[in-house]
Amino acid sequence: MPRSVPRYGLCMAKVPDRQICLELLGRMCLIRRFEEEAGRQYQRAKAGGFLHLAIGEEATFVGTTSVMRDDDYLIGTYRTHGHALARGTSPDAVMAELFGRETGTSGGRGGSMHIFDWKRRFMGGYGIVGGNLPLAAGLALASQYREEDTVTVCMFGDGASNTGNFGETMNLAALWDLPVVFLVENNLYGMGTSIERHSAVTDLSRKAEGYGIEGERIDGMDVLEVRERVSHHLEEVRSKGRPSLVEAFTYRYRGHSAADPEVYREKSEVEEWLAKDPIESFIRRCLEDGVLNEDDVEAARREADRSVEAAVRFADESPEPALESLYEELYVVSETMGWYAVDERSPEPHRGELGEDAPEVAKNLAESGASHAEEARERQSREGVRE
Amino acid sequence: MSEIRMREALRDAMAEEMRRDPDVFVMGEDVGVFQGAFKVTEGLLDEFGEKRVRDTPISENTIVGTGVGAAMAGLRPVVELMTVNFSLLALDQIVNHAAAIPYMFNGNVRVPMVIRMPGGGGHQLGPTHSHSFEALYLQVPGLLVACPSTPADAKALLKAAIRDDNPVVFIEHESLYGIKGEVPDGDDVIQRFGEAAIRCEGSDVTIVGILKMAHVAEKAAAELEDKHGISAEVIDPRTLRPLDLDTILESVRKTNRAVIVEEGWPHGGVGANLSTLITEQAFDYLDAPVQRVTGADVPMPYSRRMEQAAIPHEENVIEAALATTEGAFPRERQD
Ligand SMILES: Cc1ncc(C[n+]2csc(CCOP(=O)(O)OP(=O)(O)O)c2C)c(N)n1
Ligand SMILES: [Mg+2]
């Protein structure tokens with residue numbers, strides 16, 4: 001299936017100063033190395049479940065986060081390690097999550113698809129395609145409600161732009177003037193279905209038109225273009241309080257997930273995109289410009305190697321979550337909630353319930369070994385009623 | 001008879017019904033070119049072409065709804081939802097439309113469709129991809145609900161589902177796709193809904209298990225026999241709506257004890273429902289409270305150890321069976 005080469009951005013963005021270039025290069029190298037290593041660790045069965053790698057999409061992530069404010073929100077997908085890393089989440093914690101360890105971003109409960117980092121306002125990766133879109137509108141609603149000028153960046157795939165959640169969220173966000181930059185990572189495929197076979201309109205930026213908001217297609221392989229254009233959108237959204245849609249053209253070099261024979265695309269297509277590698281082309285640009293030299297590049301790669309190696313070590317040495325914690329964090333146990341047993345068949349308050357947080361009456365009940373059943377029986381005999 | 005895998009049995013069922021009836025077609029996300037996320041639709045596109053094997057966008061509610069519409073007009077869609085969890089996005093079309101329409105329009109129109117969905121845990125897919133919603137669909141009047149545990153049942157039930165004029169929620173278990181089993185040859189072997197299978201006969205306790213838990217129940221029964229001298233009768237209902245309650249009650253009247261095993265959550269689960277039915281209809285025969293063995297009451301965790309702790313295993317079933325023989329409540333699960 002031959003494919004047309006996508007249209008590119010109109011202008012070449014200017015090379016920023018050295019510090020920024022180092023930062024952009026460092027982050028992209030980190031994500032690349034992290035993803036490669038995650039793939040290896042998955043082969044070694046250190047990570048389980050599904051593993052979706054974003055190799056090739058680094059410029060879209062890093063270009064975007066590099067122009068976001070610390071108090072802006074980012075929300076991602078299930079191909080989400082790079083979102084978190086771009087936002088500054090420690091590779092240790094992301095790798096530990098892949099390993100299912102207690103020190104992971106979600107304590108081993110979420111796994112690869114469900115990374116989260118509240119501190120960096122990375123509001124999570126989500127396993128349900130399109131599920132993050134309404135959440136983005138909600139985050140933006142909170143900003144608007146509190147009269148804060150924070151913007152939410154919502155990243156999602158080309159495939160997600162066909163979900164009902166997309167249409168409903170775009171309309172609501174436009175209707176309520178919610179400050180969201182919807183950024184569609186158009187990597188031309190939803191799993192094994194190419195964009196021509198899944199979307200009636202393949203210029204996804206045009207999906208904005210129906211909601212009366214601005215839409216723009218950008219080159220997601222060019223970190224400088226992503227920076228420049230997303231920065232424009234962020235400021236427009238911030239100042240006008242209207243959402244907008246950015247379609248970043250990008251590509252995933254690896255399969256959809258670890259088990260993908262890739263029967264749906266030609267090798268030549270992958271090679272064509274490899275020639276546009278976001279990291280290599282950025283390096284070329286920086287060297288040509290003179291803002292970075294070969295040593296800088298070498299140092300960035302080495303640093304990425306080092307942090308990813310350290311992350312693997314950290315994850316490997318981290319403890320597995322304690323089985324006693326299975327029921328923890330399901331509810332907040334507080335005065336308003338009262339005493340409960342998670343699994344009602346258990347005659348005792350379940351392990352995992354935070355005893356110290358339980359109200360006095362619950363503690364007394366628990367201490368006297370009372371169960372719901374006994375409590376009910378007691379009440380029955382007291383009041384002479386049957387439940 | 002030939003020995004094939006569950007995924008092949010399901011594929012063969014679809015292929016045979018598609019050959020038999022030109023109104024049968026398949027649609028879903030990545031069912032065509034990609035051959036299905038779990039390779040259940042492998043080869044169908046090649047044989048039947050794009051008209052009858054349709055790749056869809058990621059739009060669960062719309063895919064099901066389109067199926068409902070096509071079914072109302074007389075086609076027989078087989079819709080694949082990639083994972084049970086994603087069926088929640090289509091719940092509106094399944095419950096408010098597919099299930100309600102025949103009744104709401106007084107039988108003037110039918111919805112002859114099948115909605116296939118694989119679920120269950122065990123592959124570390126975490127809290128958005130691993131659940132078991134048999135109980136959810138079981139609750140909906142208007143739906144038929146199948147939950148096969150063997151390749152033979154999978155094939156024969158799916159063929160019946162496709163031929164049936166009601167909307168069928170056809171629940172598969174991801175861990176069972178690879179299991180092999182003897183499947184009768186011939187295009188016309190179908191399994192009627194509402195006929196339970198007695199997997200092994202016994203006299204001391206009745207163990208009811210569905211999907212993967214039917215296998216767990218069988219293994220537990222073997223160990224109960226070997227190690228504890230307890231003779232367990234294992235029943236696989238195969239369909240939950242209609243439910244072959246007679247077979248289960250008959251067994252309970254004989255054994256006077258019942259254990260129900262499922263992977264789903266305890267509250268309002270398959271076991272909760274069945275336990276009530278048994279208690280209502282065979283109370284006088286029971287020597288012990290009905291026991292339920294269920295998945296843990298949490299969203300499915302990712303970590304392997306935690307996930308395994310959240311899924312029922314043979315030991316849990318054995319413990320519950322022993323509890324019925326002692327007449328005691330089950331102890332807390334020791335993991
Ligand atoms: C609601 C829902 N339906 C189906 C899936 C299965 N699934 C996971 S990823 C994917 C493709 C998504 O494609 P896209 O949005 O383009 O993102 P990409 O994988 O290209 O990053 C599908 C169908 C899912 N996770 N959630
Ligand atoms: Mg995509």
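Below, chain A is the first sequence line, B the second, and so on; all start at residue 1.
Interface remark: A/Met191 contributes backbone and side-chain atoms alike to the contact with chain B (heavy atom separation under 4.5 Å). At a 4.5 Å heavy-atom cutoff, B/Arg304 makes no contact with chain A through either its backbone or its side chain.
Classification of the B/Phe34-A/Tyr264 ring pair by plane angle, with boundaries at 30° and 60°, yields tilted.
Here the closest heavy-atom approach between residue B/Leu125 and residue A/Met113 is recorded as O-CE, 3.4 Å. In this structure, A/Tyr327 and B/Ala296 approach most closely via the heavy-atom pair OH-CB, 3.4 Å. Contact record, B/Gln124 with A/Gly48: OE1-CA, 3.5 Å, taken as the closest heavy-atom pair. Across all their heavy atoms, A/Ile128 and B/Thr128 have their closest contact at CD1-O, 3.6 Å. A pairwise comparison of heavy atoms in A/Gly107 and B/Met306 identifies O-CE, 4.5 Å as the closest pair.
For the set A/Ala47, A/Gly100, A/Ser199, A/Ala160, the entry with the most heavy-atom pairs within less than 4.5 Å of chain B is A/Gly100. Among A/Gly190, A/Gly110, A/Ser257, A/Ser161, the residue making the largest number of heavy-atom pairs under 4.5 Å with chain B is A/Gly110. Among the candidates B/Asn61, B/Val33, B/Asp30, B/Asp55, the residue making the largest number of heavy-atom pairs closer than 4.5 Å to chain A is B/Asp30. The candidate from B/Pro299, B/Gly126, B/Ser59 with the greatest count of non-hydrogen atom pairs under 4.5 Å with chain A is B/Ser59.
The distance from atom CZ of A/Arg109 to atom OG of B/Ser303, rounded to the nearest 0.5 Å, is 9.0 Å. Interatomic distance, A/Thr163 OG1 to B/Phe86 CZ, rounded to the nearest 0.5 Å: 12.5 Å. From B/Tyr302, atom OH reaches atom OG of A/Ser112 across 7.0 Å, with rounding to the nearest 0.5 Å. The distance from atom CG of A/Asn162 to atom OG1 of B/Thr56, rounded to the nearest 0.5 Å, is 9.0 Å.
A salt bridge links A/Arg197 to B/Glu50: one of the charged nitrogens lies within less than 4.0 Å of a carboxylate oxygen.
By the neighbour-count criterion of 12 heavy atoms within 6.0 Å, atom CZ of B/Arg7 is densely surrounded, having more than that number from other residues, nucleotides or ligands. More than 12 heavy atoms of other residues, nucleotides or ligands sit less than 6.0 Å from atom CD of A/Glu102. For A/Arg40, the CZ atom is densely surrounded, since the number of other residues' heavy atoms within 6.0 Å is greater than 12.
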- Item | B/Leu89 and A/Asn165: CA distance, side-chain angles, deciding distance, side-chain contact (heavy atoms from CB on, under 4.5 Å) verdict | CA-CA 10 Å; B/Leu89 282 93; A/Asn165 274 325; 4.1 Å; yes
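Aromatic rings of B/His129 and A/Phe50 (six-membered ring for Trp) have centroids within the 6.0 Å cut-off, being under it.
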